[in-house]
There are 2 protein chains.
Amino acid sequence: MEFREIFPVFNKLSARQQELILNSLITKSVKKGEIIHSANEECSGLLIIKIGQLRAYILSDEGREITVYRLFDRDICLFSASCVIRSVQFDITVSAQKDTELYIIPAKIYKSITEESAAAANFTNELMADRFSEIMWLIEQIMWKSLDRRVAAFLLEETAVENTESLKITHEAIANHLGSSREVITRMLRYFQKEGLVKLSRGQITVTDAEGLRSLA
Amino acid sequence: MEFREIFPVFNKLSARQQELILNSLITKSVKKGEIIHSANEECSGLLIIKIGQLRAYILSDEGREITVYRLFDRDICLFSASCVIRSVQFDITVSAQKDTELYIIPAKIYKSITEESAAAANFTNELMADRFSEIMWLIEQIMWKSLDRRVAAFLLEETAVENTESLKITHEAIANHLGSSREVITRMLRYFQKEGLVKLSRGQITVTDAEGLRSLA
């Protein structure tokens, strides 16, 4: 996949800006489970996903997690370049959920280009607004949807993303996505199993009644 | 107060762009309680607060509310101009919490300027990142702070904003800020009263032990 295709604003930049990007562009492979960006690290840059899957999440003081968004093929991770935008005052961790191939535009380069190019700055706006919309959706979910509906929605999303009814995912991982605890998720999944919605086995959750989950979600 | 002072990017615009803004700038007074922007209305524009107080909140299908941020003197409301940014996919309502004096830059004008000016587009970025940071803070509060701590923090914030220990605010209003219900807030406030933290009287909550609230929050 061509870099120009997944980074659409490229064609609106000047020849000099394009050259600057191409000369500094990093290609990187990360393994599933690897942390790509965290609060303690330096601002890595704009991550552009060729292929793979990333998860951006926040951590509580007690080590609890909640996923704020996920990124798939051709998505762009802005907050790994948070130093580009002065007013970003929160810490996000980004880890790979699958083996992932990335392009990285170093933060310094991206910053210098957005400062002079309205097209690039507006592109940053669109990226941020995309994430903002997801976060607002998340708040609505947390505030106004009970956990059973959120677990049902998450299982359906996963079967769509993974394109299989049999999910290899731990109860702990689901808890970390939804900002809950393993015990609570296990209880909920057992209840789902009793209702005939899923079948639980070691390290695997099989959706047996997608329609039922959908009407719950 | 000069418009140029509260809209700092103005000085970075071209003479033509400055003229465009000054010729289209609207001055508006809104009364306490008035709704300035809502999902059903057209995109009003960039709101720049001369003096006053606004509240931006989201609504559930059942009519429950939660405040996502508040705006004070010299703050700028971006999402009332959400049509400027294509990817904004959520509805926010903005209402006046006090009588408020505003400048409004019409959305169409602001859009045309951000499209051509990197300075304006980056300014929009900073505004959005500011709000984003507040929203991330809110998620952390909702996820990882119990309601007693959130109510305590809210009362302390209010006494700071209003510069008085005696708050004229209804239990319903607090519930709408925090995404809770009136009954739950009333129960919590009565518990605070029993603990000697506040004193409740008709339409008024007096903070009697700010230190105690602080250690709770």
Side-chain angles (χ1 to χ4, degrees), chain A residues 9 12-13 17 56-69 78-79 81-92 111-145 178-180, chain B residues 9 12-13 17 56-69 78-79 81-92 111-145 178-180:
Chain A
V9 78
K12 292 188 189 159
L13 301 178
Q17 291 164 339
Y57 56 97
I58 51 175
L59 276 165
S60 77
D61 295 340
E62 291 83 27
R64 286 178 63 189
E65 303 180 358
I66 183 168
T67 300
V68 287
Y69 52 81
L78 177 66
F79 291 115
S82 56
C83 54
V84 172
I85 308 150
R86 201 173 35 217
S87 311
V88 171
Q89 280 155 2
F90 54 88
D91 292 323
I92 251 174
K111 188 175 166 66
S112 75
I113 287 171
T114 48
E115 271 165 10
E116 54 185 43
S117 158
N122 281 306
F123 181 69
T124 306
N125 268 327
E126 299 291 336
L127 288 177
M128 191 158 19
D130 265 339
R131 297 303 154 241
F132 210 111
S133 301
E134 292 188 63
I135 302 279
M136 294 304 287
W137 181 87
L138 177 64
I139 289 188
E140 291 179 7
Q141 294 289 310
I142 300 170
M143 289 304 301
W144 294 313
K145 289 226 171 177
L178 302 178
S180 182
Chain B
V9 78
K12 293 188 189 157
L13 301 178
Q17 290 165 341
Y57 56 97
I58 50 174
L59 276 165
S60 76
D61 296 339
E62 293 81 29
R64 286 178 64 188
E65 302 180 359
I66 183 167
T67 300
V68 286
Y69 52 81
L78 177 65
F79 291 114
S82 56
C83 55
V84 172
I85 309 148
R86 202 176 33 216
S87 310
V88 171
Q89 278 155 2
F90 54 89
D91 291 323
I92 250 173
K111 188 175 167 67
S112 76
I113 287 171
T114 48
E115 270 164 12
E116 55 184 42
S117 158
N122 281 305
F123 181 70
T124 305
N125 270 329
E126 299 291 336
L127 288 177
M128 191 158 19
D130 265 340
R131 298 303 155 240
F132 211 112
S133 301
E134 292 188 63
I135 301 278
M136 294 303 287
W137 181 87
L138 177 64
I139 289 188
E140 292 179 6
Q141 294 290 311
I142 300 170
M143 289 304 300
W144 294 314
K145 290 227 167 174
L178 302 178
S180 181

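In what follows, chains carry the letters A, B, and so on, assigned in the order in which the sequence lines appear, proteins first and then strands, with residues in each chain numbered from 1. Just the heavy atoms: all of them, side chains too, but no hydrogens, waters or symmetry mates, feed the values below.
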Note to self: Which one wins on heavy-atom pair count under 4.5 Å against chain B: V68(A), I92(A), D130(A)?
What the structure shows: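 Most heavy-atom pairs under 4.5 Å with chain B: D130(A).
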Next item on the list: Find the one option among D61(A), V84(A), V88(A) whose heavy-atom pairs under 4.5 Å with chain B are most numerous.
Entry: V88(A)
Report yes or no: does [X] contribute a side-chain atom to a donor-acceptor pair with the main-chain N or O of [Y] at less than 3.5 Å?
| X | Y | value |
| --- | --- | --- |
| N122(A) | A121(B) | no |
| N125(B) | I85(A) | no |
| E126(B) | R86(A) | yes |
| S133(A) | S87(B) | yes |

Notebook entry, point to check: Hey, does M136(B) have a side-chain heavy atom less than 4.5 Å from the side chain of D91(A)?
Noted result: no
When rounded to the nearest 0.5 angstrom, what distance separates [atom1] in [X] from [atom2] in [Y]?
| X | Y | atom1 | atom2 | value |
| --- | --- | --- | --- | --- |
| L138(B) | I139(A) | CG | CD1 | 4.5 Å |
| W144(A) | E62(B) | CH2 | CD | 9.0 Å |
| F90(A) | E140(B) | CZ | CD | 9.5 Å |
| M143(B) | I142(A) | CE | CD1 | 5.0 Å |
| R131(B) | F132(A) | CZ | CZ | 8.5 Å |

Is it the backbone or the side chain of [X] that comes under 4.5 Å from a heavy atom of chain A, or both, or neither?
| X | value |
| --- | --- |
| L127(B) | neither |
| L178(B) | backbone |
| L78(B) | neither |

Notebook entry, point to check: Can you name the closest pair of heavy atoms from A118(A) and S117(B) and give their distance?
Noted result: CB-C, 3.7 Å
Check: Non-hydrogen atoms of chain B under 4.5 Å away: do they reach the side chain of Q89(A), the backbone, both or neither?
Finding: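 Q89(A) touches chain B through backbone and side-chain heavy atoms alike.
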